[in-house]
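Atoms within a ligand are numbered from 1 in the order they appear, just like the ligands themselves.
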Amino acid sequence: MMNSKTTEQGHFITVEGGEGAGKSCNLAFIQTLLEAAGKRVLFTREPGGTPLGEAIRELLLGHKHTGMADDTELLLMFAARAEHLQRKILPALEQGAWVLCDRFTDASFAYQGAGRGIADDRIALLERFVQGELRPDLTLLLDLPVEIGMERAGNRSQPDRFEREEVSFFEKVREGYLRIAAREPERVRVIDASPALEVVQQQIADVIQAYLESHDG
Ligand code: TMP
């Protein structure tokens with residue numbers, strides 16, 4: 001249904017989740033699974049993924065602009081995304097790569113939409129402007145209760161501008177993500193990230209395996 005990739009060969013997989021959901025470790029696991037299946041994987045992230053995108057990321061995550069307006073934050077996310085798509089994601093998809101991206105536009109709906117309170121239709125406007133019809137083919141949402149996630153993330157040093165938000169902000173973000181998953185169950189697979197790592201990875205392996213089988217050849 002949401003399969004709107006621009007080429008026959010390329011696949012666009014994104015991973016989303018709140019604080020402490022184990023995104024980094026599970027992204028590495030997904031990359032291993034895809035490579036073991038013989039796929040050429042381009043791993044990248046948002047905001048970032050290009051030199052200009054990484055510079056925008058510093059503006060967004062750093063503490064130099066703590067009073068940033070919500071709309072500015074949203075527009076910077078999409079500015080980084082435009083650069084990322086044009087310079088990296090689209091060329092890779094055109095060459096048949098499997099693009100594995102740490103966060104994408106669902107994060108804008110969850111953080112800037114549900115979290116900050118920007119209306120979905122305004123974000124959807126930017127989504128169309130920057131992406132046209134392009135959407136991820138598959139999204140894994142690593143979901144877990146906010147308190148558990150914050151506890152897990154707690155001992156990391158130097159919280160960024162988002163990590164400094166209140167619990168209530170992350171509750172809204174989580175609800176925002178779950179609403180997207182409920183709306184698009186084919187594309188967005190919810191992974192329960194609260195149990196032990198091997199249990200989480202079994203769920204991930206099942207989803208990736210099913211995707212590989214349905215897109216074989
Ligand atoms: P992360 O790489 O540790 O996930 O940090 C990226 C942060 O940026 C994270 O707190 C979520 C936030 N973010 C948004 O608010 N909107 C977006 O569109 C994206 C891609 C990320």
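Gln209 and Glu213 form a side-chain donor-acceptor contact under 3.5 Å, judged by distance and modelled atom types alone.
Nearest non-hydrogen protein atom to atom 20 (C) of ligand 1 is Arg81 NH2, 3.5 Å. Atom 13 (N) of ligand 1 has as its closest protein heavy atom Met77 CE, 3.5 Å. For atom 18 (O) of ligand 1, the closest heavy atom belonging to the protein is Ser108 OG, 2.6 Å. Distance from atom 10 (O) of ligand 1 to its nearest protein heavy atom, with residue and atom name: Phe162 CB, 3.3 Å. Atom 9 (C) of ligand 1 has Arg103 NE, 3.7 Å as its closest protein atom, hydrogens excluded (heavy atom only).
For the pair Lys23 and ligand 1, the shortest N or O to N or O distance falls below 3.5 Å. Some N or O of Gln112 is nearer than 3.5 Å to an N or O of ligand 1, by distance alone. By the 3.5 Å distance cut-off applied to N or O atoms, Asp102 is not counted among the residues near ligand 1. Below 3.5 Å of separation, one finds no N or O of Asp160 facing any N or O of ligand 1.
Cation-pi contact between Arg81 and Phe78: present, with separation from the ring centre below 6.0 Å and deviation from the ring axis of at most 45°.
Remark: the backbone N or O of Ala21 is not paired with any side-chain donor or acceptor of Arg152 at under 3.5 angstrom. With hydrogens and angles ignored, the 3.5 Å screen pairs no side-chain donor or acceptor of Arg103 with any backbone N or O of Glu46.
Near Glu46, the atoms of ligand 1 lying under 4.0 angstrom from a non-hydrogen atom of the residue are 20 (C).
Residue contacts with ligand 1 include Arg57, since one of its heavy atoms falls under 4.0 Å from the ligand.
Thr72 pairs with exactly one of Asp70, Leu76, Leu75 by the side chain to side chain contact (heavy atoms under 4.5 Å, CB included) rule, that one being Leu76. When each of Arg57, Arg45, Lys23 is paired with Asp102, the salt bridge (Lys or Arg N to Asp or Glu O under 4.0 Å) condition holds for Lys23 and for no other.
Of the heavy atoms in Pro47, both backbone and side-chain atoms come closer than 4.0 Å to ligand 1. Neither the backbone nor the side chain of Arg45 comes within 4.0 Å of ligand 1, counting heavy atoms alone.
Taking the six-membered ring where the residue is Trp, the centroids of Phe12 and Phe104 are separated by under 6.0 Å.
For the pair Leu141/Leu178, a side-chain contact is recorded, criterion being any heavy-atom separation below 4.5 Å from C-beta on. A 4.5 Å side-chain heavy-atom check between Ile118 and Ser108 finds every atom pair outside the cut-off.
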